[in-house]
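Below is one structure, written out as structure tokens; the observations come after it.
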Amino acid sequence: MDRDYISELPDSLLTQILLELRTKDSVKTSVLSKRWRNLWLNVPGLELFTLQFTYPHREEILVRFMDRYMEFKCRSRLKKFMITYVDCKGYRDRLMELIGTLVDHGLEHLYVFMHTCNRDDFTHQNIYKSNTLVSLKLHNVELKNSDFVVSLPCLKILKLENICHGEDGPLVVEKLISGCPVLEDLELIRPFDILTHKVLLLLRVSSQTLKSFTLHFAIYKDRTDFSVEIDAPRLKYMSVEQSQSDSIVVKNLSSLFSIDIGTKFNPLRHEDLRMRNIFYDFLTGISSVKHMVICLWSLQRFSPYSKPGLIPKFQNLYHLKAQMWSSSTHLLEAFLESCPNLKNLILEYNVELDREQMDFTNVPQCLISTLEYVEIKEPNEKSTIKLVNYFLENSAVLKKLTLRFSYSSSIYLKSYKKLLTSTKLSPTCQVIFGC
């Protein structure tokens, strides 16, 4: 008979293993044996979904389950609680009370995801005055009152998604940030609702401890503009994804290591001198970055900056990943001119919308002295063969040029293999074809 090694493990280790499972799967282990019957109750985490409970009384069953669970856990500490619910109808107040009790008992991680049109107000809860919370994630809950008190001395991770409605939204977010003196990781994912009238919202993100920041605003057409000010001297990682903003002003970002500027990032929507200066100041503010991901074609409308010398120098940048079309060639050239110490370059090419030949007129300093690795994804014969030749013929220290084909672009593979006979300035450069 095979030996049951798992059952020989101590309860403390088994509960940590069960913590990696969803609660409904953890509960199923209670049928294994007498020892396992109540073991899941000692797991320091609880994950609940209202849809897992029997309809039409799922909200009532959920609250009763929580009441009984709390009776058992009254003398022990739950570290992690995650709940996803659709609507609690008449049991909302009791559920909010139970969440508050968990926080009061020393909860460390709280995640609340609500999927309903009638969102619950969380501003009256004591969760914002916790001495133990380390991470807090709120999705589609309502923070209506900006007067609530925030004191979260241990909170390091804060994620807010669709949590405010109206013009007080930035004030609520700023209050939450200011009440977290050791905050390290901040995600703002569409934190504000779409407003029914045109306003200008100013959001200030100021933190002396913040290390990672993700900003993701929805597109509000012509109704709402956002101005964002970021002051975070210890910030290392920043991501601006699918965002709309009238301006993004950055301060004290000398520690910035990596920035990801998403496909719909649009720091300027008007081609006047003031907005161009804001764009230049933004680039200057992130110029100490070492690793950058950017969508060049989304910035090509700012033609004055597509010329070499008009983009700030990125002296520390050694890794650049850019999404581009052939029409953004001049902007790529300008970026390369501004990155004299670049070592790694990855280009993601848009095959379907490419119709023009690449045309470079200069040889940037990085090609002469530092560029060692180039990877081009989704190349096609018509638009990128000239670009590949350009890198092979002008990169003095290039070690490897990789062409990564997808299934749809693999039809060009045979044509590109002819490049192996092209004149290479770097005699040790390898040309690699991959999928």
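Quick caveat, the model's predicted, so the values are computed rather than measured.
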Value rounded to 0.5 Å, distance of CG in Leu155 from CD1 in Ile157: 8.0 Å

Step-by-step salt bridge (Lys or Arg N to Asp or Glu O under 4.0 Å) determination, Glu372 to Lys343: CA-CA 5 Å; Glu372 296 180 354; Lys343 289 187 176 182; 5.1 Å; no

Any donor-acceptor N/O pair, Gln430 side chain to Lys400 backbone, under 3.5 Å: no

Closest non-hydrogen atom pair between Ser426 and Ala396, with its separation: CB-O, 3.4 Å

Validation row: Val205, Leu215 side chains within 4.5 angstrom (heavy atoms): no

Minimal non-hydrogen separation, Leu336 against Leu342, with atom names: CD2-CD2, 3.6 Å

Side chain Asn252, main chain Asp231, donor-acceptor under 3.5 Å: no

Chi angles and distances behind the side-chain contact (heavy atoms from CB on, under 4.5 Å) call for Lys236, Arg234: CA-CA 6 Å; Lys236 292 184 177 181; Arg234 296 185 182 180; over 6 Å; no

Heavy-atom closest contact (Val182 atom, Cys154 atom, distance): CG2-C, 3.8 Å

Donor-acceptor under 3.5 Å (Ser255 side chain, Leu235 main chain): no

Minimum-distance pair of heavy atoms, taken over all atoms of Leu176 and Leu160: CD1-CD1, 3.6 Å

Worked verdict on Lys137 versus Leu110 for side-chain contact (heavy atoms from CB on, under 4.5 Å): CA-CA 6 Å; Lys137 299 181 182 181; Leu110 174 61; over 6 Å; no

Backbone of Val43 reached by a side-chain donor or acceptor of Thr15 within 3.5 Å: no

Main-chain N/O of Cys429 paired to Lys424 side chain as donor or acceptor, under 3.5 Å: yes

Side-chain heavy atoms of Ile127 within contact of Ile99, under 4.5 Å: yes

Min side-chain heavy-atom separation Val388-Leu403 under 4.5 Å: yes

side-chain contact (heavy atoms from CB on, under 4.5 Å) evaluation trace for Asn344 with Tyr318: CA-CA 6 Å; Asn344 306 312; Tyr318 67 84; 4.1 Å; yes

Separation of Glu187 CD from Ser239 OG (nearest 0.5 Å): 8.5 Å

Contact summary for Glu393 and Leu425, nearest pair of heavy atoms: O-CB, 3.5 Å

Steps toward side-chain contact (heavy atoms from CB on, under 4.5 Å) verdict (Leu107, Leu78): CA-CA 6 Å; Leu107 195 67; Leu78 190 67; 4.2 Å; yes

Donor-acceptor under 3.5 Å (Ser130 side chain, Thr132 main chain): yes

Worked check of side-chain hydrogen bond (donor to acceptor under 3.5 Å, both in side chains) between Asn362 and Glu333: CA-CA 8 Å; Asn362 300 310; Glu333 184 178 359; 3.1 Å; yes

Side-chain donor-acceptor contact under 3.5 Å, Tyr111 with Ser135: yes

Taking every non-hydrogen atom, the tightest pair across Pro312 and Ser338: O-CB, 3.4 Å

Ring geometry between Tyr237 and Phe257 (parallel below 30°, tilted from 30 to 60°, perpendicular above 60°): perpendicular

Which side-chain N or O atoms in residues 283-294 pair as donor and acceptor under 3.5 Å with protein atoms at least two apart or in another chain?
residue, atom, partner, partner atom, Å
Thr284, OG1, Tyr280, O, 2.9
Ser287, OG, Thr284, O, 2.7
Ser288, OG, Leu253, O, 3.1
His291, ND1, Ser258, OG, 3.4
His291, NE2, His319, NE2, 3.4

Gln365 side chain to Ser369 side chain, donor-acceptor N/O pair below 3.5 angstrom: yes

Inter-residue atom distance Leu158.CG - Cys180.SG, 0.5 Å rounding: 5.5 Å

Distance, nearest 0.5 Å, that separates CG of Asp104 from NZ of Lys129: 9.5 Å

Straight-line distance of Gln16 CD to Leu9 CG, nearest 0.5 Å: 12.5 Å

CG-CG distance between Asn389 and Asn394, expressed to the nearest 0.5 angstrom: 10.0 Å

Close side-chain approach of Val173 to Leu188, heavy-atom, < 4.5 Å: yes

Side chain to side chain, Leu152 and Leu183, heavy atoms closer than 4.5 Å: no

NZ/Lys313: more than 12 non-hydrogen atoms of other groups inside 6.0 Å: yes

Expected output: side-chain Ser395 to main-chain Leu392 donor-acceptor under 3.5 Å: no

